Participant: 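One structure follows; several queries about it will come next.
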Protein chains: 2
Amino acid sequence: MDKRLTIALDAMGGDRAPEVVIKGANIARDRHPEVDFLLFGDEGRIQPLLRGMAKLRRVCTVCHTEVAVSGEDKPSAALRNGRRSSMRLAIDAVHDGDASGVVSAGNTGAFMAMAKWVLKTLPGIDRPAIASLVPTRRGESVMLDLGANIQCDAENLVQFAIMGEVYARTVLGLKQPTIGLLNVGEEVFKGHEAVQTASAILRTTSLPIKFHGFVEGDDPWSGTVDVVVTDGFTGNVAIKTAEGMVRLYSGLLRSAFRRSPLTRLGYLLVRSSLSELRNHLDARRYNGAMLLGLNGIAVKSHGSTDAVGFANAIGVAVELAVRGFNDQIIEELRRVSEDQRSPQHVVAS
Amino acid sequence: MDKRLTIALDAMGGDRAPEVVIKGANIARDRHPEVDFLLFGDEGRIQPLLRGMAKLRRVCTVCHTEVAVSGEDKPSAALRNGRRSSMRLAIDAVHDGDASGVVSAGNTGAFMAMAKWVLKTLPGIDRPAIASLVPTRRGESVMLDLGANIQCDAENLVQFAIMGEVYARTVLGLKQPTIGLLNVGEEVFKGHEAVQTASAILRTTSLPIKFHGFVEGDDPWSGTVDVVVTDGFTGNVAIKTAEGMVRLYSGLLRSAFRRSPLTRLGYLLVRSSLSELRNHLDARRYNGAMLLGLNGIAVKSHGSTDAVGFANAIGVAVELAVRGFNDQIIEELRRVSEDQRSPQHVVAS
């Protein structure tokens, strides 16, 4: 029999909470029968939703609180005033050992600030990063940071590369993932100081990391490398650009299919064949971004996702917990810190 | 009869130069019969290509040089050693008044450095920016900077906003284009200092500029605003991400259409209806990025474009020259500098 695992859910986070969270948990329950849930939020709103879900009720505990962080709250305000919020209590559950991971679709900045405050960063990590899988021509890659740190120095980028590498090995099952540093060109002289220095460190490190070098904005989607490292400002814009472009393309495609009776017939003939495309580019599939570098597993879901997307975010937390992801990162960081005490860590010009 | 106009072409710039340049000029000649061309490059390679193009030969003059800037040259090296290069001579032609604009598909960094060196920036502009049209759900928007300045302060971003506004009025024919500042969220407290301060200036300026506020990475493609302003690092990654995602989507779509005899039939039924989509997202359509903020019209073509794409880049130069685009920017900048001497230019907190 599987060992049981507990995941804490911020039931009040997200555009259509708690409905989407509860329905998502119900889908996840079916996919991960070994998981128990702690649902943090307003019992008066959660219990009616659970009424028709006998199986989910059996594996979940509702922990009541009336406080919820709103999407408009500043991270600092949420941190100060949200000590009894559903988001904070769900994170506390991980800190206290009551849960192996936490998932929230709420305010990203607040979630990041609270998770960092409560769980603390891993030794050797200055700042956590948000990582997610992205679709590529070859399958999937890891991209980070997607918005946790709007300004990053070289050291941050190097830490992201190390964490991203472990993420790709754990989640994508790759033996030796390749790492690329996002830049405005592939030539070594391109880019600002942070990417220049980070590249120099990654090129000369004695760590067993396969550093590809600089990659450009189109590379993450062609799958040039397995891990794309960038600062949170650029990463956030890139991931949203990709989503926006998929929406634009899909909208134009829909119009083209609807133009005439003939095109509608054409659509019927290709419809089932389009399912692979639809599935590969489905934003819900990539929902569930890990906050890397914390003492605990914290996964951020899109605020606007539906139940299937939220279930996928739960799936990310379950997978990382089962695979002991954080232990692997800690081990890797220990090797890095030994490496950095060695003379190789001199920046090449 | 139309007034004649001369455009200088760097015949040796681009992946498949001079072939693509000459063929592109031939297409442009048909579209813009009022234009004469100065072709800078290796006469021994250019003349054989012109042999079959009697009409083009009639409107073009070949200016021989054996020197060409390569794609690998550092901008500083190109500037120092490329004084007799085809790129430099083509830019010189604009400076000397022999041409109304220059188009190159060569090394972007070198083109930028040379154009800035030779043409100088307009009064009130610290740094030029690369601007281009991008496809949106509503039509087209202007986006800048796409890679000229990898680090920008608030003042740069404000200057980009002003130049982008004039560009949108001139090229898109909009009466009062809306301006958005690219950020990681729409809330006023989001982002780093440069976007924060730029936003405060644009919000409080007495200029007749319609500032929408912050926009996110998906907004450029939904057409939330007419002008998207960002630093050259983020803009470069965003534009290449959009291109990469279009390629990924198109590749998946092609596979879906090719799956079986039935899907091939389906494709035949929708094919002509897809032409609008294809046309709207065609990278060649958006080829030709203007180097805004210089004393002269300089347009950068993609290095990998084909003749149709290069002809489009020539079209951008022709249009901007005909519309007296730079005079309009100068006028706008004069108003800004008056505005900035007024007390409104105090940054709100």
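So that the names make sense, note that chain A is the first sequence line, chain B the second, and so on, each numbered from 1. None of these values were measured; they are calculated from a predicted model.
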Participant: Check the pair V228(A), V134(A) against side-chain contact (heavy atoms from CB on, under 4.5 Å), reporting the backbone distance first and the verdict last.
Facilitator: CA-CA 10 Å; V228(A) 179; V134(A) 297; over 6 Å; no

Participant: With chain B, which of G109(A), G251(A), A242(A), G185(A) has the greatest number of heavy-atom pairs at distances under 4.5 Å?
Facilitator: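 Among G109(A), G251(A), A242(A), G185(A), the one with the most close pairs to chain B is A242(A).
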
Participant: Enter the distance from I239(B):CD1 to I130(B):CD1 here, rounded to the nearest 0.5 Å.
Facilitator: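 Separation between the atoms: 10.5 Å.
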
Participant: Can you name the nearest heavy-atom pair linking A194(B) to A154(B), along with the distance?
Facilitator: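 Closest approach of A194(B) to A154(B): O-CB, 3.5 Å.
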
Participant: Write out all chain A-chain B donor-acceptor pairs shorter than 3.5 Å, or none if the list is empty.
Facilitator:
unit_1: V184(A); atom_1: O; unit_2: K240(B); atom_2: NZ; d: 3.2
unit_1: E216(A); atom_1: OE1; unit_2: K240(B); atom_2: NZ; d: 2.4
unit_1: G217(A); atom_1: O; unit_2: T241(B); atom_2: OG1; d: 3.2
unit_1: D218(A); atom_1: OD2; unit_2: R247(B); atom_2: NH2; d: 2.8
unit_1: K240(A); atom_1: NZ; unit_2: V184(B); atom_2: O; d: 3.2
unit_1: K240(A); atom_1: NZ; unit_2: E216(B); atom_2: OE1; d: 2.4
unit_1: T241(A); atom_1: OG1; unit_2: G217(B); atom_2: O; d: 3.2
unit_1: R247(A); atom_1: NH2; unit_2: D218(B); atom_2: OD2; d: 2.8
unit_1: Y249(A); atom_1: OH; unit_2: S250(B); atom_2: OG; d: 2.7
unit_1: S250(A); atom_1: OG; unit_2: Y249(B); atom_2: OH; d: 2.7
unit_1: A256(A); atom_1: O; unit_2: S273(B); atom_2: OG; d: 2.6
unit_1: R259(A); atom_1: NH1; unit_2: S273(B); atom_2: O; d: 3.0
unit_1: R259(A); atom_1: NH1; unit_2: S273(B); atom_2: OG; d: 3.4
unit_1: S273(A); atom_1: O; unit_2: R259(B); atom_2: NH1; d: 3.0
unit_1: S273(A); atom_1: OG; unit_2: A256(B); atom_2: O; d: 2.6
unit_1: S273(A); atom_1: OG; unit_2: R259(B); atom_2: NH1; d: 3.3

Participant: Quick one: CG on L202(A) to CZ on F214(A), what's the gap to the nearest 0.5 Å?
Facilitator: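 Here the interatomic distance stands at 9.5 Å.
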
Participant: When only pairs under 4.5 Å are counted, which of V237(B), L274(B), V184(B), V270(B) shares the most heavy-atom pairs with chain A?
Facilitator: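 Of the options given, most contacts go to V184(B).
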
Participant: Can you confirm whether L133(A) sits close enough to V142(A) that some side-chain heavy atom of one is under 4.5 Å from a side-chain heavy atom of the other?
Facilitator: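 Sidechains of V142(A) and L133(A): in contact.
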
Participant: Side chains of V215(A) and L181(A), heavy atoms from C-beta outward: is any pair under 4.5 Å?
Facilitator: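 No. Closest side-chain heavy atoms not under 4.5 Å.
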
Participant: Check L292(B) against A131(B) and note the closest heavy-atom contact, atom names and distance.
Facilitator: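 Scanning both residues, the minimum pair turns out to be CD1-CB, 3.6 Å.
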
Participant: With chain A, which of L268(B), V246(B), L265(B) has the greatest number of heavy-atom pairs at distances under 4.5 Å?
Facilitator: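 Ranked by contacts with chain A, first place is V246(B).
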
Participant: Quick check on L281(B) against chain A: is it the side chain, the backbone, both or neither that has a heavy atom closer than 4.5 Å?
Facilitator: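 Side chain only.
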
Participant: Identify the two heavy atoms, one from L146(A) and one from G235(A), that lie closest to each other, and give their separation to 0.1 Å.
Facilitator: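 Closest approach of L146(A) to G235(A), heavy atoms only: CD2-O, 3.7 Å.
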
